[in-house]
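Step one of this worksheet: look at the structure below.
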Amino acid sequence: MSLRAFGVFGILALAACSTVRPEEKEFLAQPSMTFGSGGEDAAQEDHVISNREGSYGGGGVSGGGCGCN
Amino acid sequence: MQLSVTPARSSAFVCGLAIVVVAWSSHVSAQVRASTTATYYRESGANLSHQAITPSVRVSGVVRDVVSLRLGWDADVVSGASVAVVDAPGGEVDAITSATKWNDFRNNVTGGIGVRGEFTSLDVSYTWGRESDYRSHSFTITGRAELFDRNTTLELGYGRGFDQVCNLAQPRAQEPVDRQRLPSSDGCFDADDRESLDLSLQTFRGGWTQAWTPIFATQLSVSAQVINGFQGNPYRAVWLGRAAAQENHPENRVRYVGNLGARLWVQPLRGALQLGGRVYRDTWDVFSVTAELAWEQRLWEGLSVRLRGRYYNQTGAHFFSDDYGRAPRGQYFTGDRELSPMSSWLAGGRVRLDLPAGDDGKVGPFAAFAIVGVFDMLFYDFREFRYGRREVPNDKGMLATLSLEAEF
């Protein structure tokens, strides 16, 4: 438990060191710099590809069928 | 009375809901987005093939920047020809030539609601899935908090799934080696000679997104998933030396996943370098690493191109064997090529065109409209998996996606 608490504290301490001001976020706001901005096409791409691998999932619980055939 | 779900009914249901959402949102002056996407995937070789068409419709609306609503429908229309009895003796039976044809149709309908504060948000969603041999209900809840001038985003999520898999009822088969494969999905969830097996899923997820400098950001996420229940393919049997039996996987599986992504803006080129790494481990002893490199470039106003390369490598499950007659692995056996040691390469690209707005600031009837196209080629290498004495023939795949996005 203390290790987890230390980890959370470490992340927050590290994050607090970052000093990007709002007016400096022009490039960070670009879609290509935003995580998860791929939209539905990226979600479908991941869905199809990961269904052909043995380590799919782990990040969601949506019904995936049995992967039959 | 049982309501049968057809593609027409599903799409009509979602379209109806979408119209309600759009009408309601316009009434309360909300921002509404809609998209429709279709993906086609195909791999083939010798007599084996696998193709999937995945259409989807998504509608979302945000009201007064506080409440968001999401509705969606997607489907997997899957067909192909596959080997029903894996690892049949190569000299006597040509498993590939005798591959059996199959097809399936899966519907997913999802709905969600989110509430957003100044620095926090909470989202919940529900997804209902159904196919001829599979049913699922899943719920997710995700909380986010933005800290330190919005340079840090922390995310916690939990998901719960309740699935049911159809199988052949075989009360006299006391041992796994006596079980026969399910011949078809006919009668699933209705007939006396079919049984319904439960599958339970729980997912825990944590994420940390960080802006480090004006041109560099990272995202770290970790997740764990606990799965309990029937996880094999009921249609597939494995040759065990003297007879074939339905594949038998362990009922419990715990997956651990770590993802690290990075984005670097390169101002002289006005493009973004995107790096990604994923490490996976589970209690079936599958260990995998994924490395991804992409470059996204805005060519001119409204047109951007993304080129992507991806490498994936995994070890096999501890109970995988390419010949259970000579090298059994205890009480479990599988004919799943995706549980064997394998690797894959992907090379692909994505083009996005945001149509320019007219003098009135609109694109026709829309506030914004975009067209997205994706094309990928995949190359698989199955190092130990064989159909009898033959290597996997369908080891190349092609994926193409077309998506239309509109904002009202």
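In what follows, chains carry the letters A, B, and so on, assigned in the order in which the sequence lines appear, proteins first and then strands, with residues in each chain numbered from 1.
Residue B/A262 touches chain A through its backbone alone, counting heavy-atom pairs closer than 4.5 Å. Looking at B/I215, both its backbone and its side chain come within 4.5 Å of chain A, counting heavy atoms on both sides. Of the two parts of B/R310, only the side chain, counted from C-beta on, holds a non-hydrogen atom closer than 4.5 Å to a non-hydrogen atom of chain A. Looking at B/I227, neither its backbone nor its side chain comes within 4.5 Å of chain A, counting heavy atoms on both sides. With a 4.5 angstrom heavy-atom cutoff, B/R306 does not touch chain A via any of its atoms. Looking at B/F287, neither its backbone nor its side chain comes within 4.5 Å of chain A, counting heavy atoms on both sides. Residue B/S221 does not touch chain A at all, counting heavy-atom pairs closer than 4.5 Å. Of the atoms belonging to A/E26, not a single heavy atom falls under 4.5 Å from chain B.
By the salt bridge (Lys or Arg N to Asp or Glu O under 4.0 Å) test, A/E24 is found to be paired with A/R21, residues two or more places apart in sequence or in another chain being considered. Remark: A/Q44 engages B/T39, B/S56 in a side chain to side chain donor-acceptor pair (under 3.5 Å) (not counting sequence neighbours).
The backbone N or O of B/E338 sits less than 3.5 Å from a side-chain atom of B/D336, completing a donor-acceptor pair.
At least one cation-pi condition fails for B/R106 and B/Y134: the charged atom is not both under 6.0 angstrom from the six-membered ring centre and inside a 45 degree cone around its axis.
Taking the six-membered ring for Trp and thresholds of 30 and 60 degrees, B/F139 and B/Y126 have ring planes inclined between 30 and 60 degrees apart.
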